[in-house]
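Here is the structure we will look at.
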Amino acid sequence: HFENLLSRADCTKNWTEKIYRQTEVVLQPNPGARIEEFLFEKLDRKVPPRPTNGEILGQFMLEAAKEFGPGTPYGSTLIKVGDCQRRLGGAEREFLQTSSISFLTPLRNFLEGDWRTISKERRLLENRRLDLDACKARLKKAKTAETKAAAVPDFQEARPRNYVLSASASAAKHELRVAQTEFDRQAEVTRLLLEGISSTHVNHLRCLCEFVEVQAMYYSQCHKYMQELQRELGRRSPHSLEVNSHPAGSPTDPSAFLPLNSPSPLETDTLQIEEVQPPASGTRKAKVLYDYDAADSSELSLRADELITVYTVPGMDSDWLIGERGNQKGKVPVTYLELLS
């Protein structure tokens with residue numbers, strides 16, 4: 001039972017140390033920053049506040065927006081994205097602080113506190129075992145000498161040798177009893193500490209659940225921020241700025257051939273591509289500018305420099321058209337096309 005306790009304690013220490021080190025890497029990938037935090041901790045000084053990478057990126061974007069002009073499409077988008085990055089960085093900072101308190105600190109306390117105490121008592125137990133073995137060896141030696149002396153007595157000695165050896169064996173027995181008592185006492189202390197590993201597992205389980213909750217809250221908050229940013233940007237592709245930069249009525253402006261009475265755009269996923277028919281107002285030819293791989297079965301893959309027939313239908317997003325090539329049909333992005341007269 002004692003050996004099983006020792007094995008479980010060693011296993012707990014080894015895996016706790018690995019989990020602790022790797023969690024540090026996850027929370028702070030920069031090894032230089034980790035060394036700096038370690039030095040400040042050893043010097044018992046407070047770590048100076050350090051902005052997260054997201055906060056730095058957001059600040060750069062906001063400064064760039066001032067240079068480019070907040071009224072320009074690029075500048076206004078930089079402001080929106082930069083503000084989102086700053087909020088993401090703030091959420092990351094809160095996540096790091098909470099995780100360090102709720103998860104890293106208990107693991108470190110075990111490694112630097114409880115485990116050091118266990119290791120110290122185990123070393124003392126090992127020393128008591130060595131003392132006990134030495135006493136057993138002396139007693140065995142004394143008994144062997146006493147047996148030999150009793151077999152061949154020397155009557156010429158003023159004080160018989162077997163009397164001296166008997167006294168030596170008695171002293172060895174007394175030392176053995178003392179050593180055995182000290183060993184048993186130390187073994188009991190060490191056993192109680194090792195059995196406390198079960199309480200350590202319970203505590204670490206609670207801390208692990210708290211870490212998962214904090215992590216889930218952090219990712220949920222980041223997801224919320226990104227959804228808000230996507231809504232602000234209108235879920236447009238990076239090329240949509242090029243479309244907006246053309247004047248109305250230009251060949252690449254889809255409004256040039258949209259029916260005037262077309263309803264407000266709906267989600268393109270609600271359109272059934274197989275049921276779409278060309279409008280009565282007619283179709284147009286378009287030249288493909290870039291290769292495009294369809295994301296799903298509702299889209300049409302494109303190859304640069306090919307000609308396709310395009311048209312729009314009520315309910316489509318203004319960034320998409322219906323493209324036809326022979327018997328193939330599907331949605332195509334406007335920004336990949338050059339509309340021909």
Side-chain angles (χ1 to χ4, degrees), residues 57 60-61 64-65 67-82 84-85 223 226-341:
L57 175 60
F60 286 169
M61 287 184 173
E67 292 290 335
F68 299 142
T72 62
Y74 186 34
S76 61
T77 304
L78 278 173
I79 292 177
K80 295 176 182 178
V81 178
C84 180
Q85 293 298 328
H223 181 63
M226 293 308 301
Q227 282 186 320
E228 293 175 355
L229 177 62
Q230 284 184 319
R231 284 195 293 267
E232 289 183 10
L233 299 180
R235 299 180 182 272
R236 295 180 178 270
S237 65
H239 300 285
S240 60
L241 292 176
E242 300 175 8
V243 177
N244 295 335
S245 64
H246 291 288
S250 64
T252 56
D253 183 14
S255 63
F257 57 95
L258 281 175
L260 296 178
N261 59 349
S262 60
S264 59
L266 302 175
E267 292 293 333
T268 57
D269 294 340
T270 62
L271 295 175
Q272 299 297 326
I273 299 301
E274 297 78 5
E275 301 175 0
V276 172
Q277 298 297 330
S281 58
T283 60
R284 299 184 64 172
K285 291 291 184 181
K287 179 182 179 181
V288 179
L289 301 177
Y290 320 102
D291 290 344
Y292 177 76
D293 294 326
D296 52 50
S297 59
S298 67
E299 298 181 4
L300 179 67
S301 296
L302 303 175
R303 293 296 173 262
D305 298 329
E306 70 175 340
L307 294 178
I308 62 173
T309 301
V310 295
Y311 54 88
T312 186
V313 294
M316 281 197 65
D317 190 295
S318 59
D319 290 336
W320 295 83
L321 296 172
I322 300 297
E324 290 187 359
R325 181 179 57 236
N327 296 329
Q328 297 179 331
K329 180 191 301 184
K331 296 185 298 181
V332 293
V334 175
T335 52
Y336 283 71
L337 304 174
E338 178 184 353
L339 302 176
L340 306 179
S341 302

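Quick note: residue numbers are just sequence positions, from 1. Only heavy atoms go into these numbers, but all of them, side chains included; no hydrogens, no water, no symmetry mates.
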Next item on the list: Could you point out which residue of Q328, K331, K329 forms a side-chain contact (heavy atoms from CB on, under 4.5 Å) with L300?
Entry: Q328
Checklist line | Donor-acceptor pair, side chain of T312 and main chain of L321, under 3.5 angstrom | finding: no
Next item on the list: Using the salt bridge (Lys or Arg N to Asp or Glu O under 4.0 Å) rule, collect all pairs that involve residues 304-314, keeping only residues at least two apart or in two chains.
Entry: E306-R325
Item checked: Atom pair OG1 (T77) and CE (M61), whose distance is rounded to the nearest 0.5 Å -> 10.5 Å
Check: Rounded to the nearest 0.5 Å, how far apart are NZ of K80 and CD of Q85?
Finding: 15.0 Å
Checklist line | Set of residues satisfying side-chain hydrogen bond (donor to acceptor under 3.5 Å, both in side chains) with respect to S76, sequence neighbours excluded | finding: none
Check: To the nearest 0.5 Å, what is the distance between CG (L340) and NZ (K285)?
Finding: 9.5 Å
Check: Rounded to the nearest 0.5 Å, what separation is found between the OH atom of Y311 and the CD atom of E324?
Finding: 3.5 Å
Check: So how far is it from E228 CD to L233 CG, rounded to the nearest 0.5 Å?
Finding: 12.0 Å
Next item on the list: Indicate the atoms forming the closest heavy-atom contact of I79 with A65, along with that distance.
Entry: CG1-CB, 3.4 Å
Margin query: Please give me the minimum heavy-atom distance between S318 and V334, naming the atom from each residue.
Written below: O-CG2, 3.8 Å
Notebook entry, point to check: Of the non-hydrogen atoms in A304 and D291, which two are nearest, and what is the gap between them?
Noted result: N-OD1, 2.6 Å
Checklist line | Derivation of the side chain to side chain contact (heavy atoms under 4.5 Å, CB included) call for L337 and L302 | finding: CA-CA 10 Å; L337 304 174; L302 303 175; 4.1 Å; yes
Item checked: Minimum heavy-atom distance between G323 and I308, given as atom pair plus value -> CA-CD1, 4.5 Å
Next item on the list: Would you check if S301 and Y292 make a side-chain contact, meaning some heavy-atom pair closer than 4.5 Å?
Entry: no
Note to self: Can you give me the closest heavy-atom contact between A294 and E299, atom names plus distance?
What the structure shows: CB-O, 3.6 Å
Checklist line | Qualifying residues under side-chain hydrogen bond (donor to acceptor under 3.5 Å, both in side chains), relative to K287, sequence neighbours excluded | finding: none
Next item on the list: Return the set of residues passing ring pair (Phe, Tyr, Trp, His ring centres under 6.0 Å) with F68 (not counting sequence neighbours), or none when no residue passes.
Entry: Y74
